[in-house]
Novice: 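Quick one: this structure, given as structure tokens, is what I'll be asking you about.
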Amino acid sequence: MIRSLTVDASRRPIRLYALLAGVVHTLSFGQVHPNEIRAEALYRQHCAQCHGADKQGSVGVPDLRGGVGSWGHSPDSIAQTIRHGIRVQGHVGTRGGVMPSFKTNAAEFSDDEVAEVVEYILRLRDQPHDAAIALRGKENFEWCVACHGQDARGNSSVGGSNLLAPRLQYGSARAALFESIAQGRAGVCPSWVEQIDAADIDNLARYLARIGEAVLQLPTLDKK
């Protein structure tokens, strides 16, 4: 049983992801519940190949620890994604929604307009940006509000990601943001309804929801 954790303030904040993600994870740091052990085993069997053993994901694959939650962080929302997947062709109930190309949709952004929106997003994220260009990008960001929200924190009802999350699914560097806006994104996730029974899906969803909630509540955690 873990009683306490001492952190040397002179060093960078210790990453607690492994602690939260492993089979020893409990919010109370108490006795591990069998359901948690079962859920971690299911995760490693079905999910880790894409999302990683540490649940941090990679470029194009969501971070499941709370940094990315386009469809919401609740157990019910996570369970629906596990059951029906994202953009699974021919599967009833699958998640839809795509990030369109703003160079070819109704907005028809020029490269300069894409770059302006990028600078505005960098400004919102408190990353290095060109203030004058960002100011011009604010107007065209209105095209993004329906999915990402006026405050850029996302709209889980349509799968719009939180643009202020510590880690963005396709990256938060200037070049990555430019590509996302100019070319669009359309990631996928398989449906597991035929491979994992209903009770195990619910258990896995609750497990991932608890991990995500715990990470989001750690204000000193280094999420970069």
Side-chain angles (χ1 to χ4, degrees), residues 11-13 15-17 50-52 54-73 77 81 86-87 95-189 212-213 215-224:
R11 304 179 62 185
R12 295 178 64 191
R15 291 181 180 272
L16 301 182
Y17 298 136
C50 290
H51 294 280
D54 58 6
K55 303 173 181 66
Q56 292 187 51
S58 59
V59 176
V61 181
D63 180 340
L64 299 181
R65 303 157 309 159
V68 175
S70 297
W71 296 97
H73 297 290
S77 178
T81 301
I86 299 173
R87 288 179 282 277
R95 301 282 198 188
V98 297
M99 168 69 182
S101 162
F102 278 87
K103 292 191 68 174
T104 60
N105 72 353
E108 294 185 337
F109 284 176
S110 66
D111 283 349
D112 285 346
E113 288 172 324
V114 172
E116 290 167 359
V117 175
V118 168
E119 293 303 312
Y120 181 66
I121 294 171
L122 292 174
R123 172 188 165 188
L124 292 177
R125 292 180 56 79
D126 199 25
Q127 293 179 218
H129 63 278
D130 184 304
I133 297 177
L135 187 61
R136 296 200 297 270
K138 182 177 181 179
E139 180 178 352
N140 275 328
F141 185 77
E142 289 300 319
W143 285 92
C144 313
V145 167
C147 293
H148 297 287
Q150 194 72 52
D151 60 359
R153 294 185 181 277
N155 179 355
S156 61
S157 68
V158 296
S161 58
N162 177 3
L163 299 179
L164 306 186
R167 178 177 297 181
L168 299 185
Q169 185 170 335
Y170 292 93
S172 59
R174 186 173 278 104
L177 291 172
F178 188 98
E179 184 175 350
S180 292
I181 297 169
Q183 304 299 326
R185 304 289 190 183
V188 298
C189 177
E213 181 182 4
V215 170
L216 289 173
Q217 291 177 354
L218 290 171
T220 61
L221 191 63
D222 177 8
K223 297 182 181 179
K224 295 181 180 180

Novice: Checking E116 side chain against I133 main chain: does a donor-acceptor pair fall under 3.5 Å?
Specialist: no

Novice: Any side-chain to backbone donor/acceptor pair from R125 onto A165? Under 3.5 Å, distance only.
Specialist: yes

Novice: How close do V98 and A186 get, heavy atom to heavy atom, and via which atoms?
Specialist: CG1-CB, 3.9 Å

Novice: Between G72 and S156, what is the shortest heavy-atom contact and its length?
Specialist: N-CB, 3.6 Å

Novice: With the side chain counted from C-beta on, respond yes when K103 and E113 share a heavy-atom pair under 4.5 Å apart, and no when they do not.
Specialist: no

Novice: What are the two closest non-hydrogen atoms of S58 and C50, and how far apart are they?
Specialist: OG-O, 4.4 Å

Novice: Less than 4.5 Å apart, any side-chain heavy atom of Y170 and any of L177?
Specialist: no

Novice: Going by heavy atoms in the side chains, are W71 and V158 under 4.5 Å from each other?
Specialist: no

Novice: Could you state the interatomic distance from NE2 (H129) to CG (L122), rounded to the nearest 0.5 Å?
Specialist: 8.0 Å

Novice: Inspect the surroundings of CD in E139 and state if more than 12 heavy atoms from other residues, nucleotides or ligands are less than 6.0 Å away.
Specialist: no

Novice: Less than 4.5 Å apart, any side-chain heavy atom of H148 and any of R153?
Specialist: no

Novice: Are the side chain of S101 and the backbone of G184 linked by a donor-acceptor contact shorter than 3.5 Å?
Specialist: no

Novice: In the structure I gave you, are the side-chain heavy atoms of E119 and R174 within less than 4.5 Å of one another anywhere?
Specialist: yes

Novice: Taking atom types as modelled, is there a side-chain donor on R95 or S77 under 3.5 Å from an acceptor on the other?
Specialist: yes

Novice: Side-chain contact test, heavy atoms from C-beta onward, threshold under 4.5 Å: evaluate it for L124 versus L164 and give yes or no.
Specialist: yes

Novice: May I ask you to test the I121-F141 pair for a side-chain heavy-atom distance under 4.5 Å?
Specialist: yes

Novice: Kindly compute the distance separating SG (C144) from OH (Y120), expressed to the nearest 0.5 Å.
Specialist: 9.5 Å

Novice: Are side-chain N/O atoms of S157 and N155 paired as donor and acceptor at under 3.5 Å?
Specialist: yes

Novice: Please lay out, stage by stage, how I181 and M99 fare under the test side chain to side chain contact (heavy atoms under 4.5 Å, CB included).
Specialist: CA-CA 8 Å; I181 297 169; M99 168 69 182; 4.2 Å; yes

Novice: Looking only at atom types and distance, does a side-chain atom of R167 sit under 3.5 Å from a main-chain N or O of S172, one as donor and one as acceptor?
Specialist: no

Novice: Measure the CZ-CG distance between R136 and D112 for me, rounded to the nearest 0.5 Å.
Specialist: 8.0 Å

Novice: Can a donor-acceptor pair be found, under 3.5 Å and without considering hydrogens, that links the side chain of H51 to the backbone of P62?
Specialist: yes

Novice: What I'd like to find out is whether the side chain of V117 reaches to under 4.5 Å of the side chain of N140, using heavy atoms alone.
Specialist: yes

